[in-house]
Amino acid sequence: MTNIYTALAKFQEEIKPIVQNTSGYNYKYADLGSIIETIKPILAKNGLGFVQPLDGKSVKTIIFHSESGDNIEGTVEIPQGVELKGMNAYQSLGSAITYLRRYSLASMLGLITEEDTDASGEQIIKQDSDVRI
């Protein structure tokens with residue numbers, strides 16, 4: 001397993017924040033196509049690749065080292081019964097799968113793909129009454 005971790009470390013040294021080219025829900029982010037276009041050559045340079053098969057009601061992300069066969073994987077469940085305004089069930093499912101693929105890749109590879117809004121904006125905590133921080 002050390003081969004894949006060494007290759008991932010080299011990948012992470014080389015990858016830069018990915019351009020945030022899409023806006024939605026009051027923040028900017030890099031879409032899945034931009035992420036894949038940016039990471040593929042750097043992954044390949046380090047002997048890495050990925051696949052994201054659907055596995056029942058989940059999206060599985062597998063990062064692999066092509067020379068050693070080492071791999072790491074993560075799985076995230078696709079929320080069921082979600083409806084998005086103006087979309088039919090299949091469009092909502094497709095949107096959820098794309099969203100999960102994007103976040104899974106970003107998480108597993110340590111990518112920066114959106115604005116960091118954790119420290120900005122107003123946070124609302126619901127308790128007996130609204131508390132603003």
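Heavy atoms only: backbone and side chains are in, while hydrogens, waters and symmetry mates are out.
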I'd like to check [X] versus [Y] (side-chain heavy atoms, cut-off strictly below 4.5 Å). Are they in contact?
X      : Y     : value
Ile42  : Leu48 : no
Tyr103 : Val76 : no
Val51  : Ile63 : no

Within this structure, what is the CG-CG distance for the pair Asn46 and Leu8, rounded to the nearest 0.5 Å?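 Reported to 0.5 Å precision, the distance equals 8.5 Å.
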Partners meeting side-chain contact (heavy atoms from CB on, under 4.5 Å) with [X] (sequence neighbours left out):
X     : result
Ser68 : Asn3, His65, Asp70
Ser95 : Leu84, Met87
Asn71 : Ile62, Phe64, Glu73
Ile78 : Leu54, Val59, Gln80, Leu93, Ala96, Ile97, Leu100

Apart from Tyr90 itself, what residues make up its hydrophobic cluster, given side-chain heavy atom links below 4.5 Å?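 None; Tyr90 is a cluster of one.
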Under the rule for side chain to side chain donor-acceptor pair (under 3.5 Å), what residues qualify as partners of Thr38, not counting sequence neighbours?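 Partners of Thr38 under the side chain to side chain donor-acceptor pair (under 3.5 Å) test: none.
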According to side chain to side chain donor-acceptor pair (under 3.5 Å), who are the partners of Lys40, at least two apart in sequence or on a separate chain?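 Listed in chain order: nothing, the list is empty.
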Taking all non-hydrogen atoms of both residues into account, name the closest pair between Leu111 and Ile18 and its distance.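 Smallest interatomic distance, heavy atoms only, reads CD1-CD1, 4.1 Å.
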For a quick test of reading the model, state the closest non-hydrogen atom pair linking Ile35 to Ala30 and the distance between them.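 Shortest heavy-atom contact: CD1-O, 3.6 Å.
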Gln52 side chain to Thr61 main-chain N or O, any donor-acceptor pair under 3.5 Å?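 Not confirmed, Gln52 side chain does not pair with Thr61 backbone.
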Main chain of Gly47, side chain of Ser66: is a donor-acceptor contact present, judged purely on distance under 3.5 Å?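 Confirmed, Ser66 side chain pairs with Gly47 backbone.
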Please output the side-chain donor-acceptor pairs of residues 9-16 that fall under 3.5 Å, not counting sequence neighbours, one pair per line with the distance.
from  : atom 1 : to     : atom 2 : distance (Å)
Gln12 : NE2    : Leu109 : O      : 3.0
Glu14 : OE1    : Lys45  : NZ     : 3.2
Glu14 : OE2    : Lys45  : NZ     : 3.1

Please test Tyr99 against Leu32 for side chain to side chain contact (heavy atoms under 4.5 Å, CB included), starting from the C-alpha separation and ending with a verdict. CA-CA 8 Å; Tyr99 182 90; Leu32 182 61; over 6 Å; no
Suppose we screen for salt bridge (charged side-chain N to carboxylate O under 4.0 Å, His left out). Which residues come up paired with Glu37, at least two apart in sequence or across chains?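 Glu37: no salt bridge (charged side-chain N to carboxylate O under 4.0 Å, His left out) contacts found.
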Ser58 side chain to Glu77 side chain, donor-acceptor N/O pair below 3.5 angstrom: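 Side chains of Ser58 and Glu77: no pair found under 3.5 Å.
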